[in-house]
Amino acid sequence: MIRIESVTKRYPDGTVAVDRLSLEIPDRSITVLVGPSGCGKTTTLRMINRMVEPSEGTILLDGEDIQRRPVTTLRRSMGYVIQNAGLFQHRTIIDNIATVPRLLGWGKRKARARAAELMERVGLDTALAQRYPYQLSGGQQQRVGVARALAADPPVLLMDEPFSAVDPVVRKGLQDELLRIQDELGKTIVFVTHDIDEAIKLGTMVAVMREGGHLAQYAPPAELLSSPADAFVEDFLGADRGIRRLSFFPSAGLPLTSGPVIPADATAERIAAADAPWLLVTDAEGKPLGWGERGDLTAGDIRPDRLVPHGRPFVPGTDSLRAALDCAVLSPAGWAVAVDDAGRVTGVVAQATIGEAIRSAHAAGHADVAEVAS
Ligand SMILES: Nc1ncnc2c1ncn2[C@@H]1O[C@H](COP(=O)(O)OP(=O)(O)O)[C@@H](O)[C@H]1O
Ligand SMILES: [Mg+2]
């Protein structure tokens with residue numbers, strides 16, 4: 001565990017970048033430092049690997065003051081990833097990733113084999129191995145940066161706004177990849193960002209910092225959203241805090257109904273028997289085609305291209321109440337479409353029912369919606 005104990009950093013010009021910061025960073029999880037520009041995030045991160053020395057206070061790694069560890073040994077145990085990846089421009093991708101193992105004295109063949117393995121791990125095609133950084137997209141370069149930081153298998157990974165310079169779609173891919181890698185490797189990751197959504201998505205614990213290097217709140221993301229410590233945190237979390245909080249409520253227990261679900265080849269009797277104004281039409285495999293008003297649907301002549309789009313369905317058990325609510329809000333019928341992993345419809349659920357589940361989830365605090373919605 002990394003423990004930051006009442007650490008202050010005063011730069012020579014008098015700037016107090018970090019002010020009596022105390023944090024316990026748990027092992028094998030992602031801890032995010034988030035806050036506006038200039039609030040001391042980078043300074044904090046760099047004090048952990050001693051690129052910056054604290055003016056006061058102590059940082060402990062597994063109970064030992066990091067001041068007592070030789071800087072080289074300390075840094076070897078901590079991979080470091082920065083914005084724009086910071087790759088060596090004159091080295092190939094494979095040699096960039098193999099840098100630290102080579103420094104540690106590994107043979108060329110072994111280091112390159114390890115680098116190739118890491119390329120796959122971070123989702124890079126090994127065909128890119130002999131390219132140079134400028135021949136890669138920004139997102140690919142960031143993946144190389146992550147692979148390079150992981151090369152010597154350090155227990156700790158320090159990441160300073162690693163995904164801030166790429167576009168939102170690529171960024172989402174990198175975030176998902178990091179979560180997947182973390183599931184496999186279980187590193188102790190300290191991740192800096194100014195993006196609160198990124199913090200909430202990635203962090204097991206989130207430290208919200210404010211100007212002057214003050215810690216405003218340190219809590220799991222769901223707790224930040226439900227109980228911001230003060231007006232600064234609330235403001236920083238931004239609008240639709242309530243909606244975003246629904247990401248932490250499971251959709252597993254929502255009661256589904258298949259009453260309004262009909263196959264495209266439904267008989268007239270079946271259509272007549274479906275007791276709802278809007279019907280969800282499915283294809284031969286049971287996948288959703290779209291919504292149709294019951295009065296407009298004629299047996300034997302249901303035209304998929306005339307149906308109203310069903311929006312993005314949700315997968316109960318995998319997706320959150322937020323996904324279910326979004327689906328219901330987008331649907332003209334006000335019903336969300338639930339599908340299994342193969343995309344086949346398992347039922348639909350009304351907006352009002354989702355609303356009840358949300359109220360129950362609130363009432364039950366963190367209790368599982370699966371219990372309270374049924
Ligand atoms: N080397 C330095 N000398 C003087 N002031 C610095 C130095 N590095 C950072 N600062 C100042 O310290 C504060 C915190 O900076 P930094 O840790 O980089 O914040 P963040 O990463 O949250 O944007 C800022 O006011 C910044 O201008
Ligand atoms: Mg910074």
Side-chain angles (χ1 to χ4, degrees), residues 2-25 30-59 61 66-67 71 74-75 78-87 138-139 141-142 145-146 148-149 156-168 170-171 174-175 178 188-203 205-219 221 224 228-238:
I2 300 168
R3 257 173 90 126
I4 300 178
E5 286 186 346
S6 197
V7 163
T8 293
K9 175 62 190 180
R10 212 173 290 106
Y11 283 110
D13 67 358
T15 307
V16 178
V18 176
D19 191 11
R20 286 163 296 170
L21 177 70
S22 295
L23 279 182
E24 269 191 20
I25 295 167
I30 303 180
T31 299
V32 178
L33 309 180
V34 66
S37 178
C39 71
K41 305 180 295 292
T42 294
T43 301
T44 302
L45 199 69
R46 286 169 162 241
M47 286 194 287
I48 295 173
N49 69 2
R50 293 187 58 193
M51 288 169 77
V52 170
E53 297 289 356
S55 313
E56 286 156 33
T58 319
I59 299 178
L61 177 61
I66 59 169
Q67 290 293 334
V71 167
L74 183 76
R75 292 202 191 140
M78 298 180 172
Y80 187 48
V81 189
I82 57 172
Q83 196 176 339
N84 298 318
L87 303 179
Q141 291 190 34
Q142 284 309 137
V146 173
R148 188 178 60 176
V156 176
L157 210 50
L158 306 177
M159 309 182 79
D160 194 350
E161 310 234 12
F163 309 147
S164 294
V166 296
D167 68 67
V170 173
R171 187 189 301 194
L174 290 167
Q175 291 166 346
L178 180 68
T188 301
I189 299 179
V190 189
F191 189 105
V192 163
T193 180
H194 61 263
D195 177 353
I196 185 66
D197 289 315
E198 186 166 69
I200 283 170
K201 176 171 176 180
L202 297 180
M205 287 294 285
V206 176
V208 182
M209 295 178 68
R210 59 193 300 176
E211 185 122 354
H214 299 286
L215 180 65
Q217 188 167 6
Y218 188 41
L224 282 184
D230 58 23
F232 169 80
V233 178
E234 181 161 21
D235 194 45
F236 191 69
L237 286 165

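Excluded from the calculations below are hydrogen atoms, water molecules and symmetry mates; all remaining heavy atoms, backbone and side chain alike, are included. Counting starts at 1 for both ligands and their atoms, following the listed order.
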Have a look at ligand 1 and work out which part of D13, if any, has a heavy atom under 4.0 Å from it: side chain, backbone, both or neither.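 Only the side chain of D13 comes within reach of ligand 1.
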Determine whether the side chain, the backbone, both or neither of T15 has a heavy atom under 4.0 Å from any heavy atom of ligand 1.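 Contact part for T15 vs ligand 1: side chain (C-beta onward).
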Side chains of K9 and P54, heavy atoms from C-beta outward: is any pair under 4.5 Å?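 The answer is no; the side chains never approach within 4.5 Å.
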With a 4.0 Å cut-off, would you call D230 and R210 a salt bridge?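 Yes, D230 and R210 are salt-bridged.
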So, are R20 and E56 salt-bridged, with charged N and O less than 4.0 Å apart?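 A salt bridge is absent here (no side-chain N lies under 4.0 Å from a carboxylate O).
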Decide side-chain contact (heavy atoms from CB on, under 4.5 Å) for R171 and Q142; before the verdict, give the C-alpha distance in whole Å, the side-chain angles of both, and the deciding distance to 0.1 Å. CA-CA 10 Å; R171 187 189 301 194; Q142 284 309 137; over 6 Å; no
Heavy atom to atom 23 (O) of ligand 1, shortest distance: which of A17, P12, G38 holds it?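 Checking each option, the heavy atom nearest atom 23 (O) of ligand 1 is found in G38.
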For [atom], what is the closest protein heavy atom, and at what distance to 0.1 Å?
atom: atom 5 (N) of ligand 1; answer: Y11 CD1, 3.3 Å
atom: atom 19 (O) of ligand 1; answer: G40 N, 3.2 Å
atom: atom 18 (O) of ligand 1; answer: T42 CB, 3.7 Å

Quick one: does atom 26 (C) of ligand 1 have a protein heavy atom under 4.0 Å from it?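 Under 4.0 Å from atom 26 (C) of ligand 1, zero protein heavy atoms found.
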Show me which atoms of ligand 1 lie under 4.0 Å from any heavy atom of T43.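 Answer, ordered by atom number: 15 (O), 16 (P), 17 (O).
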Can you see whether T15 engages D13 through a side-chain donor-acceptor pair at a distance of less than 3.5 angstrom?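 Judged by distance alone, the side chains do pair up.
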Examine T43 and say whether one of its N/O/S atoms is closer to the Mg ion (ligand 2) than 2.8 Å.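 No - counting backbone and side chain alike, T43 has no N, O or S atom under 2.8 Å.
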